[in-house]
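All values below come from the heavy atoms of this structure, side chains included, with hydrogens, waters and symmetry mates left out. Throughout, a chain's letter reflects where its sequence line sits, starting with A, and its residues are numbered from 1.
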Amino acid sequence: MPDVSLIRSELLAWYDAHARSLQWRAPPGAGTRTEPYRVWLSEVMLQQTTVPHATPYFHDFTRRWPTVSDLAAAPDAEVMAAWAGLGYYARARNLLACARAVASDHGGVFPDTEAGLLALPGVGAYTAAAVASIAFDRAANVVDGNVERVMARLFAVETPLPAARPELKRLAAQFITDDRPGDWAQALMDLGATVCRPKSPTCGLCPLTDQCLGFAGGTPERFPIKTKKAERPHRLGVVYVMIDAEGRVALERRPDKGLLGGMMGLPTSDWAVGAVDAAAPIAADWREAGAVEHVFTHFSLTLSVRTARVEGGGDYEWMTVEAARAALPTVFAKALDRAGEPALI
DNA sequence: CACTCGTGGCA
DNA sequence: TTGCCAAGAGT
């Protein structure tokens, strides 16, 4: 069986030499830690999101709101617009709720325990453990998709995900000690991200191959075993681009709950499998401007784009096309692009 | 447990 | 082109 102590020392030594340099990370051995605010912000942005995608958002947020109290004081609309394009918008709503809870209930200082962090909005088991270990140097079992994959390969776990989660978490727990907990968590995640990758892992560069049951079996890439996902349905809908005399576009704030919740959006029909009720929001000389395709987590979508020149007013927020594009989720930004130059509508 | 909830890159 | 998947959380 894999030797826990040996794996720890070999992986930490590998991390000391190969740690990725990331904006929100203090390099190993520097004797410094990243502020809790930045650790938390980066962890929330990185939930189900790649490092290259999240990085410019991290820069923008920390420049505009250098502390958690600054963020707590920011208007909802500004924060939601700043998050536009990053996806999973409940994260942005919870981010604000969390910042405000820290500001009002904790004097602007993050709780320094895993349990205290777990009680905050948008902070689940992973993020609480990550912030506790990375920002506060507490022994915590940080288990994300990388850690699950590394454990599944090290121990050749045949149980498929998601049923294997508890077992993978137990396997990860045996490595947790008071020695360099933050570095340990990041070392495991870096290994998973750069060497023990989902596809074509580079086992030749891995410090743990001599301890890895998956490698010993010859096909480490088959772990973790996964159950098949249901295929996603395809929905249809119509999106309406209304331009007023000043070239501004009509937007509406979407309800807090549900898809793209809390974000600005273009007026649309319902999105459904098969025919949809495409009654236009107002009477106008509507023109067809083509369609956009978009893929969400659990369905794909074809949106017909219809454009019209209209008078302003109504229950809409009228914004310049530039401002709208920056504030809109990607699916609507695509539709706006498809609609073309406002002067030509 | 099962489902909802984005986006972009890549094989 | 299509499917996979990335530092998950909430319900």
Side-chain angles (χ1 to χ4, degrees), chain A residues 19-20 22-25 34 38-58 80 83-95 97-98 117-135 140-150 160-166 169 172 182 184-194 196-200 221 224 226-234 254-263 265 271 292-301 328-334:
Chain A
R20 288 179 293 175
L22 303 171
Q23 289 298 318
W24 47 84
R25 168 183 289 176
T34 305
R38 289 175 173 249
V39 175
W40 162 75
L41 180 62
S42 67
E43 292 300 343
V44 174
M45 286 184 168
L46 289 164
Q47 288 167 10
Q48 301 288 286
T49 305
T50 58
V51 167
H53 193 189
T55 297
Y57 288 85
F58 181 82
M80 298 308 289
W83 197 274
L86 197 49
Y88 285 138
Y89 298 99
R91 290 185 299 170
R93 300 194 301 277
N94 286 329
L95 188 83
C98 182
L117 291 159
L118 192 56
L120 295 167
V123 177
Y126 163 77
T127 304
V131 176
S133 65
I134 298 170
N141 193 14
V142 181
V143 184
D144 71 336
N146 288 308
V147 177
E148 288 180 346
R149 183 171 57 259
V150 172
L161 285 171
R165 291 240 148 83
K169 191 162 187 171
W184 172 254
Q186 295 180 94
L188 214 39
M189 292 191 284
D190 269 21
L191 187 76
T194 64
C196 198
R197 304 178 298 198
K199 297 173 189 173
S200 22
E221 67 277 7
K226 297 190 176 184
T227 54
K228 269 190 188 171
K229 295 174 187 173
E231 66 180 79
R232 55 178 145 239
H234 189 80
R254 297 174 63 85
D256 273 346
K257 295 193 175 181
L259 191 73
L260 310 175
M263 297 298 289
W271 303 344
V292 293
E293 301 290 335
H294 196 73
V295 180
F296 293 98
T297 305
H298 56 292
F299 68 93
S300 57
L301 176 70
L328 287 170
T330 299
V331 62
F332 292 124
K334 283 184 186 174

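Residue A/T127 has no polar side-chain atom (N or O) positioned under 4.0 Å from OP1 or OP2 of C/dG8. Between A/H298 and B/dC5 there is a side-chain polar atom (N or O) within less than 4.0 angstrom of OP1 or OP2. Remark: A/H294 is in phosphate contact with B/dT7, judged by side-chain N or O atoms under 4.0 Å from OP1 or OP2. OP1 or OP2 of C/dG8 sits under 4.0 Å from a side-chain N or O of A/Q48. A/S42 has no side-chain polar atom (N or O) that falls below the 4.0 Å cut-off from OP1 or OP2 of C/dA7. Contact between the side-chain N/O atoms of A/R149 and the OP1/OP2 oxygens of C/dA6 is found at a separation under 4.0 Å. Regarding contacts with the backbone of B/dT4, every side-chain N or O of A/Y88 stays at 4.0 angstrom or more from both OP1 and OP2. Taking side-chain N and O atoms only, A/T297 has no distance below 4.0 Å to OP1 or OP2 of B/dT7.
Using a 4.5 Å heavy-atom threshold, the side chains of A/R165 and A/V143 count as separate.
Across all strands, A/W40 comes closer than 4.0 Å to no nucleic acid atom at all (heavy-atom distances). Nucleic acid contact class of A/G85 (heavy atoms, under 4.0 Å, all strands): sugar-phosphate only. Using a 4.0 Å heavy-atom criterion, one finds that A/P52 contacts no nucleic acid atom at all. Residue-level contact check: A/R93 touches neither bases nor backbone, having no heavy atom under 4.0 Å from any strand. Using a 4.0 Å heavy-atom distance criterion, A/R197 is classed as making no nucleic acid contact.
Between A/W24 and A/F58, the ring planes are perpendicular. Angles over 60° get that label, and only those under 30° would be called parallel.
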Pairs under 3.5 angstrom, nitrogen or oxygen only, protein versus nucleotides 9-11 of chain B, please.
none

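Going from atom CZ of A/R254 over to atom C1' of B/dG6 covers 12 Å, rounded to whole Å.
Taking for each of A/G258 and A/A163 the nucleotide of DNA chain B with the nearest heavy atom, the 5'-most of the two is the partner of A/A163.
Under the 3.5 Å distance criterion, the side-chain polar atoms of A/T49 are matched with a main-chain donor or acceptor of A/Q47.
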